[in-house]
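For reference, the structure discussed in these notes is given below.
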Amino acid sequence: MAAAGGGGSRADNGYGSQQPRRRKGPGALATAYLVIYNVVMTAGWLVIAVGLVRAYLAKGSYHSLYYSIEKPLKFFQTGALLEILHCAFGIVPSSVVLTAFQVMSRVFLTWAVTHSVKEVQTEDSVLLFVVAWTITEIIRYSFYTFSLLNHLPYLIKWARYTLFIVLYPMGVSGELLTIYAALPFVRQSGLYSISLPNKYNFSFDYYTFLILVMISYIPIFPQLYFHMLHQRRKVLSHTEEHKKSE
């Protein structure tokens, strides 16, 4: 589930697509809304980035920087849930299932792991995925904004389809290490677990669920990573060919 979070580039949400085949874009009102949404999200993640830098300079250490950006991180990461609605209402021509999977993976890690298991908030692994997410989202939302305005700088396009090479493994490593660090505390507290007997005759072991989430990274991460490498070759090579033809 959370494997789709990572620091990698989320699948293009229609208006960010650089496919040769043209798609019908959103209407004027929808475009205006999407521009505002992406500008706000870009600004939000810039606030997180500035908060991290200021906290680091004030403390002189990168340890426990999570607390300096906890509230804006929760707010803007949860704000990404609107992207699922964008797909569901047809504002952007992207898969609802795929978008929901990718968004919910990060929301899950934000709330069901990092927020719920207080003991992991001081782990350096949290900073690892937060930094990866922050850089990725600043680039991604900027990419979408400029794409909607039909004025996409090559530098932003290049960054979107290149920096994931480092950011995706970095983010995934941080996520896995954070979930792993949470396991003993989840087991000890019985967090979110439901034991038998109960009137619903149903049991759920959150500890086992987290282990399954970690295992899911094994098949999912390589597929998404190589998909983005393929997209990078296609998009950037198409751009180079376009430049040469001008």
Side-chain angles (χ1 to χ4, degrees), residues 4-28 30-50 72-73 76-87 90-96 98-103 105-107 129-172 224-243:
S9 298
R10 192 174 299 162
D12 284 328
N13 288 348
Y15 48 78
S17 177
Q18 294 297 313
Q19 304 301 324
R21 186 179 68 177
R22 288 187 174 275
R23 291 175 172 177
K24 185 180 178 181
T31 298
Y33 161 74
L34 289 172
V35 169
I36 293 170
Y37 172 78
N38 284 288
V39 167
V40 170
M41 294 299 281
T42 302
W45 285 96
L46 280 169
V47 167
I48 294 171
V50 171
L73 175 69
F76 287 102
Q77 188 57 74
T78 305
L81 290 171
L82 288 174
E83 294 181 35
I84 302 174
L85 297 180
H86 297 166
C87 299
I91 299 176
V92 295
S94 189
S95 167
V96 178
L98 180 60
T99 302
F101 178 85
Q102 294 173 321
V103 170
S105 65
R106 288 191 179 184
V107 174
F129 74 71
V130 168
V131 169
W133 288 6
T134 301
I135 298 172
T136 298
E137 296 298 62
I138 290 171
I139 295 170
R140 188 171 72 89
Y141 287 115
S142 297
F143 177 93
Y144 290 158
T145 301
F146 285 111
S147 293
L148 285 163
L149 296 173
N150 295 315
H151 186 71
L152 179 62
Y154 178 76
L155 180 62
I156 292 179
K157 180 191 287 188
W158 177 89
R160 168 147 171 80
Y161 287 99
T162 302
L163 296 186
F164 79 90
I165 295 173
V166 174
L167 294 174
Y168 198 3
M170 176 180 166
V172 166
L224 292 177
Y225 193 70
F226 286 113
H227 170 72
M228 284 306 301
L229 286 174
H230 174 71
Q231 286 294 101
R232 179 180 188 273
R233 287 193 296 269
K234 186 161 67 171
V235 171
L236 295 187
S237 64
H238 178 70
T239 303
E240 291 299 324
E241 290 174 6
H242 181 70
K243 281 184 176 182

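Across every non-hydrogen atom of Ile139 and Leu163, the tightest pair is CD1-CD1, 3.4 Å. The shortest heavy-atom contact between Cys87 and Ser94 is CB-O, 3.5 Å. Residue Leu167 comes nearest to Ala132 through the heavy atom pair O-CB, 3.6 Å, listed as atom of the first residue, atom of the second, then distance. When all heavy atoms of Ala80 and Tyr37 are compared, the closest pair comes out as CA-OH, 3.5 Å. The shortest heavy-atom contact between Leu34 and Asn38 is O-ND2, 2.7 Å.
Taking the six-membered ring where the residue is Trp, Tyr161 and Phe143 present perpendicular rings, their angle passing 60° and hence far from 30°. Ring planes of Phe129 and Trp133: tilted class, angle from 30 to 60°.
Using modelled atom types, one side-chain atom of Ser105 and one backbone atom of Gln102 make a donor-acceptor pair closer than 3.5 Å. Although no hydrogens or angles enter the test, the distance criterion places no donor-acceptor pair under 3.5 Å between the side chain of Thr99 and the main chain of Val96.
Every residue meeting the side-chain contact (heavy atoms from CB on, under 4.5 Å) condition with Val107, not counting sequence neighbours, appears here in chain and number order: Leu81, Val103, Trp111. Residues satisfying the side-chain contact (heavy atoms from CB on, under 4.5 Å) criterion with Val166, sequence neighbours excluded, are absent altogether.
Here the side chains of Pro26 and Tyr33 are not in contact, with every heavy-atom distance at 4.5 Å or above. Using a 4.5 Å heavy-atom threshold, the side chains of Phe76 and Val40 count as touching. Side-chain contact between Glu137 and Thr42 is absent, with no heavy-atom pair separated by less than 4.5 Å. By the 4.5 Å heavy-atom criterion applied to side chains, Leu149 and Thr31 are not counted as neighbours. Taking the side chain as every heavy atom from C-beta outward, Met41 and Tyr144 never approach each other to under 4.5 Å. A heavy-atom distance below 4.5 Å is not found between the side chains of Leu73 and Thr134.
Ionic pairing of Arg140 and Glu83 is present here: one or more N-O contacts between side-chain nitrogen and carboxylate oxygen are shorter than 4.0 angstrom.
A distance of 8.0 Å separates OG of Ser147 from NZ of Lys157, quoted to the nearest 0.5 Å. In this structure, the separation between CD on Gln231 and CZ on Arg233 is 10.0 Å, given to the nearest 0.5 Å. Remark: Leu229 CG to Leu224 CG distance equals 11.0 Å, nearest 0.5 Å. The distance from atom CG of Leu236 to atom OG1 of Thr162, rounded to the nearest 0.5 Å, is 5.0 Å. Between the CE atom of Met228 and the CZ atom of Phe164 there is a distance of 5.0 Å, given to the nearest 0.5 Å.
Of the candidates Ile135, Ile138, Thr136, Trp45 forms a side-chain contact (heavy atoms from CB on, under 4.5 Å) with just one, namely Ile138.
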